[in-house]
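All values reported here derive from a predicted model rather than from experimental measurement. Throughout, a chain's letter reflects where its sequence line sits, starting with A, and its residues are numbered from 1. No hydrogens, no waters, no symmetry mates; every other heavy atom, side chains included, goes into these values.
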Amino acid sequence: MGKSGAGKASMRSIIFNKHPSNIQASPSIASPSPSQSHAQSHSHPLELLNSLSLLICDSGGSGSGSDTHLYHNVSVLIYVFDITTPPSAASQELDWFIQSLQCLKDSDTNSDTPLRLFILINKTDLIAKHDACLVYSRRKAEILHSLQPLFDTGRGTPGIHTECYMTSIWDQSLYKAWSKIVTKLLPSSGKMSSALAHFASTTHAAEVVLFERSTFLVIGKTTLRKDGEEWDLEGGDEWECECECDCDCEQEREQEHHQHHHSHPNQYTHIPTRNLTISRHRFEQISQLIKAFKQSCAKLNNQFNSMQLTEMDYNAVLEPLTINTYILVITENIDIPPSAIQMNIRLAKPYFERVENTYIGSEV
Amino acid sequence: MAAKDTLYLENNIRSAIHNVDSFVGLQLWDIPGHANLDLLGIDLSQLSTLVFVVDAQDDYTRSLTQLHQIILRAYKANKQVNIEIFVHKVDGLSDEYKLDTIRDIKSRVSDGLSDYGLDSLLRPQLSYHLTSIYDHSILDAFSKVVQKLAKQLPVIQNLLNVFCANSGIAKAFLFEQNSRLYFATDATVADASTFEVCVDALDTFDKFSKLYKYHPSIEQDQDQDQSEQNQDQHLNPIKNLKQPATASIRLASDITISKWQIHENLILIALIKSDTFDRFKQSIDYNVSFVRDAIVDIVEMEKRSRSSRSASIATN
């Protein structure tokens with residue numbers, strides 16, 4: 001939920017429906033009329049990976065927090081803030097946010113699972129790139145500060161798990177945020193990532209990424225060094241924030257220099273001990289690319305099935321894995337032909353299906 | 001540049017000349033709409049193609065009168081000139097209305113020209129294209145314009161025809177990587193959506209391949225330093241032998257879109273039945289290597305002749 005006009009419905013339609021953001025650009029299809037989600041909240045049941053079913057309540061940004069029926073059985077709250085809100089209106093927005101959180105807590109006292117809270121600060125594209133980082137961190141501090149009293153009153157109860165992301169529907173940051181959210185929500189994600197690491201080391205892959213089939217959100221990934229050690233780029237929270245910030249500046253520069261095909265040293269990081277540099281935003285970009293291509297496949301009344309890429313120095317294979325997932329395998333060693341990778345993927349299928357299904361067993 | 005960003009482009013005030021070095025060497029002269037031809041001082045006899053853009057969403061009566069004048073002058077200066085008329089901004093029009101518009105413009109232009117006393121037999125070659133920047137029609141139209149200028153086109157087209165017939169390929173395009181224009185395609189008829197999906201596939205491949213890059217590790221560099229002399233002799237042949245980039249996307253209903261890098265900036269995109277692709281991939285690759293050799297020969301020859309031509313101009 002979030003204030004009206006913060007961009008909730010646009011977000012949902014891009015991630016979960018089949019709207020690429022550039023379609024929204026033409027005014028005729030532009031965002032659903034505010035009154036639509038204002039009048040009643042839209043509920044969207046959604047199955048992800050068998051093991052998780054999401055019921056997304058796209059609740060309208062009405063001024064009153066009175067419809068308490070909304071707050072039952074909520075395990076996750078995704079609150080969308082509008083970064084362009086002027087300071088005068090910001091306090092009101094915060095008030096409403098706190099109020100709804102309070103409602104949520106009151107109606108949710110008997111549940112054991114801790115509430116997860118994701119804060120998305122949206123519309124960062126409307127702010128000059130170099131300012132965005134500063135404004136974002138200020139807003140984030142403000143919001144977190146206002147949360148403080150809520151944490152204090154909850155004596156003994158598990159604290160609220162809070163995370164904050166900067167998003168814009170015009171670039172890949174939206175995919176990044178939602179990928180993080182879904183990964184955090186997936187109960188089997190820990191098991192899945194160890195399975196991925198195992199798969200990567202047996203196939204000599206440099207990187208293995210797992211995507212959800214319909215949304216193409218990243219739900220698991222491993223990057224391996226040459227010696228087989230897992231290598232994790234993401235450090236602490238602070239580093240991530242920093243990364244997000246220069247990601248945006250980078251993007252701007254990329255757009256400026258697009259004609260010149262300039263390469264940006266900062267955008268790429270190098271996997272230690274491997275002859276491969278990788279773009280920091282590759283996951284979001286892949287999601288975005290494949291989603292866009294799926295869109296254009298519709299023109300031929302066709303569907304995307306799989307992709308393979310053989311470049312000078314690496315092979316990439318993107319194949320459907322289980323009925324809910326796609327897998328992307330990057331190998332640096334070009335002596336491994338793509339068909340061999342495909343065979344490995346086929347052979348690994350039952351194993352991953354088991355990993356997915358075991359969780360459902362224990363859940364039921 | 002993305003289509004939605006063109007809103008921020010400013011009006012052209014002066015004419016600008018852009019050099020585009022593509023398959024054929026091009027010089028684009030971007031001429032503002034209000035300019036008077038006399039003031040520009042352009043030698044019309046140098047033109048090989050004249051592209052005139054008509055706004056389909058506006059009242060085009062005035063721009064058609066201007067078009068008449070330009071056609072007359074260009075034709076007088078050079079009888080061989082190709083005149084291409086882009087009926088632009090058709091994205092806002094319905095399909096029916098699009099056809100009406102282009103028919104209307106066609107009849108008005110030919111009426112106007114006969115008013116000026118140009119006989120229908122002596123008339124210059126006019127081609128009309130419906131274009132829009134919000135889909136791929138502009139790429140398609142511009143590709144056709146450029147293709148008319150390529151002297152080697154029939155050869156390459158023939159090459160692709162033979163290649164398609166012998167490799168079980170449904171449709172093949174030879175694209176230029178940076179501009180997304182295609183220089184040649186085989187003779188089979190394809191609808192616009194096929195072309196669009198091919199362009200999108202090319203885009204996807206292109207963007208994807210930028211996400212990962214080769215980076216020589218430091219240890220290797222040190223090794224190379226020691227035996228650089230020896231390595232250098234070996235490296236060059238190896239570099240040439242290294243696998244050229246290929247890629248493919250499989251669609252659910254039994255079609256595979258496949259890509260081969262042909263030359264630095266040229267890419268072959270082909271639509272193949274998935275079944276054929278799986279069974280005969282090696283043979284198709286083998287055939288592609290011949291197509292590649294032929295096209296590289298043609299391109300190199302063109303480059304050589306162009307550089308010798310420019311050298312002779314310089315001496316003049």
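A salt bridge between B:Arg180 and B:Asp206 is present, with a side-chain N of the basic residue lying under 4.0 Å from a carboxylate O of the acidic one. We find that A:Glu319 and A:Arg346 are not joined by a salt bridge, their nearest charged nitrogen and carboxylate oxygen being 4.0 Å or further apart.
Only one option out of B:Arg292, B:Glu300, B:Glu176 pairs with B:His263 in a side-chain contact (heavy atoms from CB on, under 4.5 Å); it is B:Glu300.
Scored by the ring-ring contact (aromatic ring centres under 6.0 Å, His included) test, B:Phe290 finds B:Tyr286 as partners (sequence neighbours excluded).
Between chain B and the residues A:Ser306, A:Ser339, A:Cys297, the most heavy-atom pairs under 4.5 angstrom are made by A:Ser306. Ranked by non-hydrogen atom pairs under 4.5 Å with chain A, the options B:Ile249, B:Ile255, B:Thr204, B:Val199 are led by B:Ile249. Chain A forms the most heavy-atom pairs under 4.5 Å with one residue out of B:Ile257, B:Asp203, B:Asp254, B:Asp200, and that residue is B:Asp200.
Using a 4.5 Å cut-off between heavy atoms, A:Leu318 does not touch chain B at all. Looking at B:Thr194, both its backbone and its side chain come within 4.5 Å of chain A, counting heavy atoms on both sides.
A cation-pi arrangement, defined by a distance under 6.0 Å to the six-membered ring centre and an angle within 45 degrees of its axis, is present between B:Lys171 and B:Phe173.
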